[in-house]
Amino acid sequence: MTDSGKPTLLVVDGHSLAYRAFFALPVDNFSTKDGQHTNGIYGFLSMFVNLVKAEQPTHLAVAFDTSRHSFRTDQYAEYKANRSESPAEFKGQIPLLQECLAALNVTVLTKEGIEADDILATLATRGAADGFDVLVCSGDRDTIQLVTDDVTLLYPSVQGVSQLKRYTPDAVVEKYGLPPANYPDIAALVGETSDNLPGVPKVGEKTAVKWLTQWGSLENLIANADKITGVVGGNLRDHLDDVTRNRSLNALLRDVELEVTPADLALRPIDAQAVRDIFARLEFRTLLPRVFDSFGTGDDELPAAAVVAIPTAATPAADALGAWATDAEGDVAVSVVVAGGLPTRIGLAAGDDVVEADWSPEVAAALTAWFESDAPKVIADAKPQVKALRRAGVRLRGLAFDPLLAGWLERPSFPDKSLADLVQRHLDEKLPEADPTQLVPETEGATPGQLAWFAGRVAAVQRDEIAPSVASVLTDIELPTLDALADMELAGVAVSHEKLSGFSAELLARADGVARLAFAEIGREVNLGSPKQLQEVLFDQLALPKTRKTKTGYSTDAAVLADLQESNPHPFLDLLLQHREATKLRQIIESLDAAIGNDRTTPDDGRIHTTYVQTGSQTGRLSSTDPNLQNIPIRTEESRRIRSAFEVGAGYETLLTADYSQIEMRIMAHLSGDPGLIEAFNSGEDLHRFVGARVFGVEPAEVTPAMRTKVKAMSYGLVYGLSAFGLSKQLRIEQSEARQLMTEYFARFGAVRDYLRSSVEQARVDGYTETIFGRRRPFPDLTSMNRVLRENAERAALNAPIQGSAADIMKIALFRIHDQLRTEGLASRVLLQIHDELVVEVATGEWDAVERIVHDRMGDAAELSVPLDVQVGRGADWDEAGH
DNA sequence: CGATATACGTA
DNA sequence: CGTACGTATATCGA
């Protein structure tokens, strides 16, 4: 609202301003880590939030061009024909910018065949007529014609988009000598180079203004053209057609048919969660507070009714609670409040019927039968709650839906991290949350009954939206897996502090010794853990040749150091590598040692309890945190000492490891149907030897180690979308040789290439890839104009069905093994999953049964056109068992 | 103190 | 210019 008391309508030309920002801001500083350029988006939004803050509009819209083609190009094919195609890097930013504006709940207007400025002109004209103060923000000079007492133009100055010049009628007269309505007349005479509209030769602004002042109007001037003297007069007479055409083209349309009226454009609360999401994707950080400052946080404006309508939970007595649960029909949503790993309070919701109770032996007794029945239950983020119940002696069954898992399956690239996020996204409501920074929070958080109620409602919406194949992955794979993971986390794995601490001391001493030698080589002490200081030593002091560039200088990673050692041998390089190795191993040991018995939710049992993050990857794999037990070293003899510290626990007989051999290549054989590859797996021959024989045209027995290494790298590289360049680099061979290798490979295994090509092509059409079991991963960037982005997406899309199918298969094997061990009454238990390997703790006397179960269930987890080969090992510790 | 960059462990 | 992860340290700016 302005001083005048009138509402203020701000209309913005998104295209022209983003375009200016695109050229004003260095692209290097505005790119995401996967290569999406964001300079135009950032520049526009930065200007836009400032503008909104400064002008406080009550109504707001942003208009965009749809394409280069418009009614003007129909009238005059040469219109803007001199403009070079706008760069692909810019075009790719427009949809993302529009996504940002949608999150801000700002109306975006486009119309086929109409330019953004015509939309602005129409809105400005109608707005002024409807009693608005209108602000037009555009980078196109033609919009000067829109300026009136009610319409002000904000035009970016040469300094950049952040500096806007205000054009009122007076300001226009001051600059051009004529009122705004005459500006198109001037422009018609002078011409507009940027629009490819030539004017009258030798006539500039001064002459044009003089003529127009003298003759009053353009029509009158044209009518009296024969009275103009001099060369310019002749030029005018020769170019009257151009002038008329220019004037016709530079008149903005003021009556474009739009879906909206100015009154429809009232400022609306932003969708804070959507803004956070898109800004996170674009890696904008500083912009978020500025947006909240200009547009509000969207919080206070959320539908209050929904918050008010949250049911209040009844708190029945324990026995009534049991009856309530048993009698409930359909899904019952459950929310267990967990403290110190144990349940403290519980909420249940069946529809809008909500109950809750403090956890007590009586409540547990009343509900156990129901908990352990098949009655369907919905729990958001179920695993920690399932674990808490198990610690309290209740084995939950009948888990039918977890909104967090469902949300991840639908959108694995950006999973919602909490029930609050899901409530925002699916219900467009706000989950009441206590402010954790306040000792006595002003706002009460939701009670467990209310949390359950929200979870149930989110689940209902998700069930409607979820694709059938994704729903089956949830029901048939993820939920059973969750159950197994809960037990694995509770079980933990025994790790010997004694074995670790001795080794750690040894490595510390070695690292110190190596460091001293390294310092002696360079005559000073530096921090060997600082890439920055190392760069000084290597490239300045020792003047070694510069290596691969990084953002902050030159790389000093192990591959680079090995290259340097070969080309410019220096004792320091080797010492540095040794130091890195020793300190790295020591770090790992120290963090493992610190993790023994450190699970706050479990008494110290001398074991490490990792947490598997079921939503931790985009492909369907698990991830492991606190600590990560999926990246324990194995490659060097020495590092295997760490694995030997993972031991069979007291009361158990031995560890069993079981891993799939070459599961990804087998999946590739299955998906591609390549006869050669399928034969390779059915022949019983070593895979790489078989492939090597085919590729190099020799007998399998004649495949040399060098040949085997090459085809092995090639085979694995295929799964990752490896190029000839990458292959040559990895194998340290010429690119021509790598290309030759690839050609030979595909000549023998052509169906593999056909499959890889067609699967990416299919993903481009569908927008997502799918595993054998129907798990999907979206790939919006496959159609990106940005080449880096697109090619990255292509490689990931190539890999996703393969890695994802392997993950599906392992999950199926895992929960089947877990279930069968239990149903057969065996005490043995699965402890760890490392993508294609399981570690099982085998109870005394159970080896034969367990070995059979693990081997068979892994082997028959999926029916492929090639067998699934499972290698089983046995030993008192992980290292021993791993052979 | 939090975010970023680099380096490195696994499948 | 090879996919998918998590974690440690150094460094820089708020």
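Every chain is numbered from 1, with letters handed out A, B, ... down the list of sequences. Being a predicted model, the structure only gives us computed values, none of them experimental.
Side chain to side chain, A:S644 and A:D877 fail the donor-acceptor criterion of an N or O pair below 3.5 Å. Counting only N and O atoms by type, the side chains of A:R775 and A:T619 include no donor and acceptor under 3.5 Å apart. For the residue pair A:D563 / A:Q565, no side-chain donor-acceptor distance below 3.5 Å is found, with atom types taken as modelled. Using modelled atom types and a 3.5 Å distance limit, the side chains of A:Q36 and A:E283 yield no donor-acceptor pair. Counting only N and O atoms by type, the side chains of A:Q541 and A:E536 include no donor and acceptor under 3.5 Å apart. When only modelled atom types and interatomic distance are considered, A:T550 and A:S555 share no side-chain donor-acceptor pair under 3.5 Å.
Summarising the geometry, the separation between NZ on A:K584 and C1' on B:dC8 is reported as 4 Å, rounded to the nearest angstrom. Rounding to whole angstrom units, CH2 of residue A:W878 and P of B:dT10 are separated by 11 Å. Rounded to a whole Å, the CZ atom of A:F284 is 17 Å from the C1' atom of B:dA3. Distance, A:L534 CG to B:dC8 P: 10 Å, rounded to whole Å. Summarising the geometry, the separation between CD on A:Q533 and C1' on B:dA7 is reported as 15 Å, rounded to the nearest angstrom. Taking atom CZ of residue A:R641 and atom C1' of nucleotide B:dG9, one finds them 18 Å apart after rounding to whole Å. The nearest whole Å value for the distance from the CG atom in A:L592 to the C1' atom in B:dG9 is 11 Å. Distance, A:Q587 CD to B:dC8 P: 11 Å, rounded to whole Å.
Counting non-hydrogen atoms under 4.0 angstrom, A:R787 reaches nothing in the nucleic acid. Looking at heavy-atom distances under 4.0 Å, A:D659 makes no contact with the nucleic acid at all. At the heavy-atom level, A:K532 lies under 4.0 Å from the strands shown only through sugar-phosphate atoms. If you check every strand for non-hydrogen atoms under 4.0 Å, A:I634 touches sugar and phosphate atoms only. A:S624 comes within contact range of the sugar-phosphate backbone alone, with a heavy-atom separation under 4.0 Å but no base atom that close. In this structure, A:E837 reaches neither bases nor backbone, as no heavy-atom distance under 4.0 Å exists between it and the strands shown.
Stem analysis of DNA chain C (at least three stacked-register Watson-Crick or G-U pairs, each with both distances under 3.5 Å) gives B:1-11 with C:3-13.
Counting only residues at least two apart or in different chains, side-chain hydrogen bond (donor to acceptor under 3.5 Å, both in side chains) contacts with residues 712-727 of chain A comprise A:S715-A:Y745.
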With salt bridge (charged side-chain N to carboxylate O under 4.0 Å, His left out) as the criterion, how do A:R607 and A:E647 come out once you've worked through the C-alpha distance, each side chain's angles and the decisive distance to 0.1 Å? CA-CA 10 Å; A:R607 299 173 74 97; A:E647 298 177 331; over 6 Å; no
Decide yes or no on salt bridge (charged side-chain N to carboxylate O under 4.0 Å, His left out) for A:R586 and A:E581, but give the supporting numbers first. CA-CA 9 Å; A:R586 196 176 151 268; A:E581 198 180 332; over 6 Å; no
A:R757 vs A:E794, test: salt bridge (charged side-chain N to carboxylate O under 4.0 Å, His left out). Steps then yes/no. CA-CA 10 Å; A:R757 279 195 185 150; A:E794 283 170 354; over 6 Å; no
Residue pair A:E837, A:Q833: steps toward the side chain to side chain donor-acceptor pair (under 3.5 Å) verdict: CA-CA 6 Å; A:E837 173 186 5; A:Q833 188 257 40; over 6 Å; no
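A salt bridge is absent between A:E880 and A:R643; no separation between the charged side-chain nitrogens and carboxylate oxygens falls under 4.0 Å.
Under the 6.0 Å distance and 45° angle rule, A:R641 counts as a cation-pi partner of A:F503.
You can see that DNA chain C meets the heavy atoms of chain A within a 4.0 Å-exclusive cut from C:dC1 to C:dC12, reading 5' to 3'.
Listed by residue number, A:R795, A:A796, A:N799, A:Q803 are the residues of residues 794-811 of chain A with a heavy-atom contact under 4.0 Å to DNA chain C. Contacts of residues 547-564 of chain A with DNA chain C (heavy atom under 4.0 Å): none.
Side-chain N/O atoms of A:R285 include one lying less than 4.0 angstrom from OP1 or OP2 on B:dT4. Regarding contacts with the backbone of B:dT10, a side-chain N or O of A:R635 is found under 4.0 angstrom from either OP1 or OP2.
Surrounding CD of A:Q735 are more than 12 heavy atoms belonging to other residues, nucleotides or ligands, all under 6.0 Å away.
Remark: A:L687 engages A:Q662, A:M665, A:L677, A:A680, A:F681, A:V691 in a side chain to side chain contact (heavy atoms under 4.5 Å, CB included) (not counting sequence neighbours).
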